[in-house]
Structures are given as structure tokens and as C-alpha cells.
Amino acid sequence: MGEDLRTIKTQQNIQSHFLKLLETYNFKDITIKSLINECKINRSTFYRNYEDKYDLIYKITEELITKFKKISMLNLSFLISKKRMTLSHILSPY
């Protein structure tokens with residue numbers, strides 16, 4: 001069974017605000033306090049989902065890598081099928 005919708009929404013909230021803070025501040029300057037203030041959540045809510053900001057950035061990175069791999073595989077599959085169509089079109093005598 002999948003994760004609870006509230007947990008997913010909370011994690012999305014934390015991740016999006018963290019990425020927004022990274023647009024302005026260096027990673028080393030972002031504190032959990034500044035993040036939870038941005039997210040409007042309690043400190044315990046953050047720690048229920050992540051060990052620390054290093055765990056948070058790790059999980060964001062893992063998610064991005066997973067999405068990238070899926071997209072890459074879809075693009076590769078499309079290119080392979082397109083190449084097959086092109087080759088079969090060239091090889092077929094009308």
C-alpha cells in the first residue's frame with residue numbers, strides 16, 4: 001500500500017520550500033528552523049519525515065535521478081522504435 005496522502009503532501013511542501021530556499025541561500029546556511037518557518041510546519045513534522053537537511057537533499061536527489069532514468073528509458077524506447085520504423089520503411093518495397 002502507498003504512503004498516506006498527508007505524508008506525501010507534507011514531503012512535497014518541505015521539498016519545494018527547501019529548493020526555494022536554495023535559490024537564495026547556500027546549503028550550509030539553510031537551517032531547519034528557517035525551513036520549518038517557510039513551510040509553516042512544526043519541527044517534529046520535519047523530523048518525522050527526514051533525519052536532517054542532508055537526508056532531505058539526498059532524498060530529493062534520489063527522486064530526481066529516478067525520474068531522469070524513467071524519462072531517459074522512455075526516450076530511448078521511443079528512439080529505438082522510431083529507428084525500427086525508419087529502417088523497416090527503407091527496407092520494405094512499398
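All residue numbers refer to positions in the sequence shown, counting from 1.
Partners of T7 by side-chain contact (heavy atoms from CB on, under 4.5 Å), not counting sequence neighbours, listed by chain and number: E3, D4, Q11, N49. Among residues two or more places apart in sequence or in another chain, the ring pair (Phe, Tyr, Trp, His ring centres under 6.0 Å) test is passed with Y54 by F27.
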Worked verdict on L35 versus K53 for side-chain contact (heavy atoms from CB on, under 4.5 Å): CA-CA 9 Å; L35 179 58; K53 68 179 184 178; over 6 Å; no
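Atom CD1 in I14 sits 7.0 Å away from atom CG in L56 (nearest 0.5 Å). Atom CZ in F46 sits 13.5 Å away from atom NE2 in H17 (nearest 0.5 Å). Here the OG1 atom belonging to T45 is positioned 14.0 Å from the NZ atom belonging to K40, to the nearest 0.5 angstrom. In this structure, CG in L22 is found 10.5 Å from CG in D29, a value given to the nearest 0.5 Å. One finds the CG atom of L21 at 7.5 Å from the CZ atom of F18 (value rounded to the nearest 0.5 Å). Separating the OG1 atom in T31 from the CG atom in N37 is a distance of 7.5 Å, to the nearest 0.5 Å.
Under the 4.5 Å side-chain heavy-atom criterion for Ile, Leu, Val, Met, Phe, Trp and Tyr, Y50 and I65 are members of distinct hydrophobic clusters. Placement of L19 and I32 within a single hydrophobic cluster is found when ILVMFWY residues are connected by side-chain heavy-atom separations under 4.5 Å, directly or transitively.
Listed by first then second residue, pairs satisfying salt bridge (charged side-chain N to carboxylate O under 4.0 Å, His left out) with a partner in residues 56-68 read D55-K59, E63-K67, not counting sequence neighbours.
A donor-acceptor pair under 3.5 Å links the side-chain atoms of S16 to the main chain of Q12, judged by distance alone.
More than 12 heavy atoms of other residues, nucleotides or ligands shown are found within 6.0 angstrom of OH on Y47.
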